[in-house]
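Just below is one structure, and these are the notes that go with it.
Residue indices begin at 1 and follow the sequence shown.
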Amino acid sequence: MRVVFAGTPEPAVGPLQALIDSPRHEVVGVISRPDAAAGRGRKVTRSPVAQLADDNGIPVITPRKLADPDSVAQLQKWAPECIPVVAYGGLVPASLLDLPTHGWVNLHFSLLPAWRGAAPVQAAIAAGDEMTGASTFRIEAGLDTGPVFGVVTERIRPDDTAGSLLTRLSEFGAGLLTATLDGLEDGELVAVPQQSEGVSTAPKISIDHARIRWDLPAHLIDRHIRAMTPAPGAWTTLDEVRVKVLSTSVVPAGEEQAPAAGELQVTKKALLVGTKTDPIRLDTVQPQGKKAMAGADWARGARLTDGQALT
């Protein structure tokens with residue numbers, strides 16, 4: 001099958017590689033988001049998907065909008081039978097949905113209709129879900145509302161971050177996407193409409209949303225931090241200086257009085273912060289402008305004391 005792949009970030013690399021390696025499908029082109037500044041040096045770089053395509057000699061287009069005349073003309077020239085989409089990051093115009101014979105097939109990292117939207121993995125962890133997975137579905141005009149071709153399931157581990165969970169879902173999803181295209185080519189796969197019950201949404205996460213609220217129970221804060229890791233990164237402030245919180249542990253409250261919500265408790269080996277319930281140990285932090293470090297090391301270097309408050 002002639003396919004044009006649409007994707008941008010690292011989680012889309014595995015699925016693209018699986019299609020490149022498949023003897024049944026020919027990747028004739030790739031659509032990715034425009035090159036963007038990244039890293040501390042803000043160097044303009046190719047997206048991971050575009051870089052993989054370059055390495056394999058596959059032509060790439062990086063339109064700001066898919067409806068641009070040049071992009072439409074290129075898609076028509078490529079004449080794809082199917083356009084698989086994995087975390088592309090751009091809208092597919094309704095006018096292009098019927099361009100490929102088998103439509104646009106999205107690999108989405110949730111068990112639809114749960115967590116439709118841009119951040120399904122983060123939403124599942126933050127909500128405390130025990131199970132998640134990946135779904136392939138046909139894109140239509142609605143947001144992730146199209147009929148489903150297939151699913152794979154995966155258990156969410158107690159220590160999962162969005163990064164670790166997304167890595168596994170990308171790996172399993174690559175096989176699901178390839179199998180979906182195999183079934184479409186064979187004419188044996190029928191999409192099933194999504195259920196009307198159990199719908200939830202996972203909108204794009206902003207930097208402001210990643211801020212930690214220390215007045216919540218510890219288990220909710222722990223989920224929030226893991227859901228925001230590695231991007232955009234959970235954060236808090238100390239004396240108006242932003243600090244990213246990269247990893248934590250919930251510490252059951254002992255006989256001693258726990259610190260108030262947001263207040264620090266400094267020991268020789270640990271840096272604790274109070275919540276509505278149990279304290280949380282700050283295992284790894286990254287103060288603004290500095291490298292990641294152990295919370296205890298930050299406390300010593302910054303000469304933190306009991307009673308200082310994170311906000």
Q: Check whether the side chains of S249 and R281 place a donor and an acceptor atom closer than 3.5 Å, and report yes or no.
A: yes

Q: May I ask you to decide if G163's main-chain N or O and T167's side chain share a donor-acceptor pair within less than 3.5 Å?
A: yes

Q. Judged by modelled atom types alone, do H25 and D182 share a side-chain donor-acceptor pair under 3.5 Å?
A. yes

Q | Gap separating the CH2 atom of W78 from the CG atom of L99, nearest 0.5 angstrom | A | 11.5 Å

Q. Which distance, rounded to the nearest 0.5 Å, do you find between the CZ of R155 and the OG1 of T132?
A. 12.0 Å

Q) So, for A12 and V86, which heavy atoms are closest and what is the spacing to 0.1 Å? A) CB-O, 3.3 Å

(Q) For Q194 versus R116, what's the shortest heavy-atom pair and its separation? (A) OE1-NH2, 3.0 Å

Q: With sequence neighbours excluded, give me every salt bridge (Lys or Arg N to Asp or Glu O under 4.0 Å) pair touching residues 125-145.
A: none

Q. Is it true that R300 and D297 have a side-chain N and a carboxylate O under 4.0 angstrom from each other?
A. yes

Q) Where is the tightest heavy-atom contact between V4 and V30, given as atom of each residue plus distance? A) CG1-N, 4.3 Å

(Q) Do T161 and T229 pair up side chain to side chain, a donor and an acceptor below 3.5 Å, judged on atom types alone? (A) no

Q | Donor on one side chain, acceptor on other, T236 and W214, under 3.5 Å | A | yes

Q: Could you grab the distance from atom CZ of R46 to atom OG1 of T8, nearest 0.5 Å is fine?
A: 11.0 Å

Q. Are Q74 and D70 linked by a side-chain donor-acceptor pair shorter than 3.5 Å?
A. no

Q: May I ask you to say whether E81 pairs ionically with R2, meaning some side-chain N is under 4.0 Å from a carboxylate O?
A: no

Q.
Whether R223 and D160 form a salt bridge (side-chain N of Lys/Arg under 4.0 Å from carboxylate O of Asp/Glu) is what I want to check.
A. no

Q: Return yes if a side-chain donor-acceptor contact under 3.5 Å exists between T178 and S22, otherwise no.
A: no

Q: Apply the test salt bridge (charged side-chain N to carboxylate O under 4.0 Å, His left out) to residues D159 and R226: give CA-CA distance (whole Å), side-chain angles for both, the deciding distance (0.1 Å), then the verdict.
A: CA-CA 8 Å; D159 60 348; R226 290 187 291 110; over 6 Å; no

Q.
Can you confirm whether T237 sits close enough to V243 that some side-chain heavy atom of one is under 4.5 Å from a side-chain heavy atom of the other?
A. no

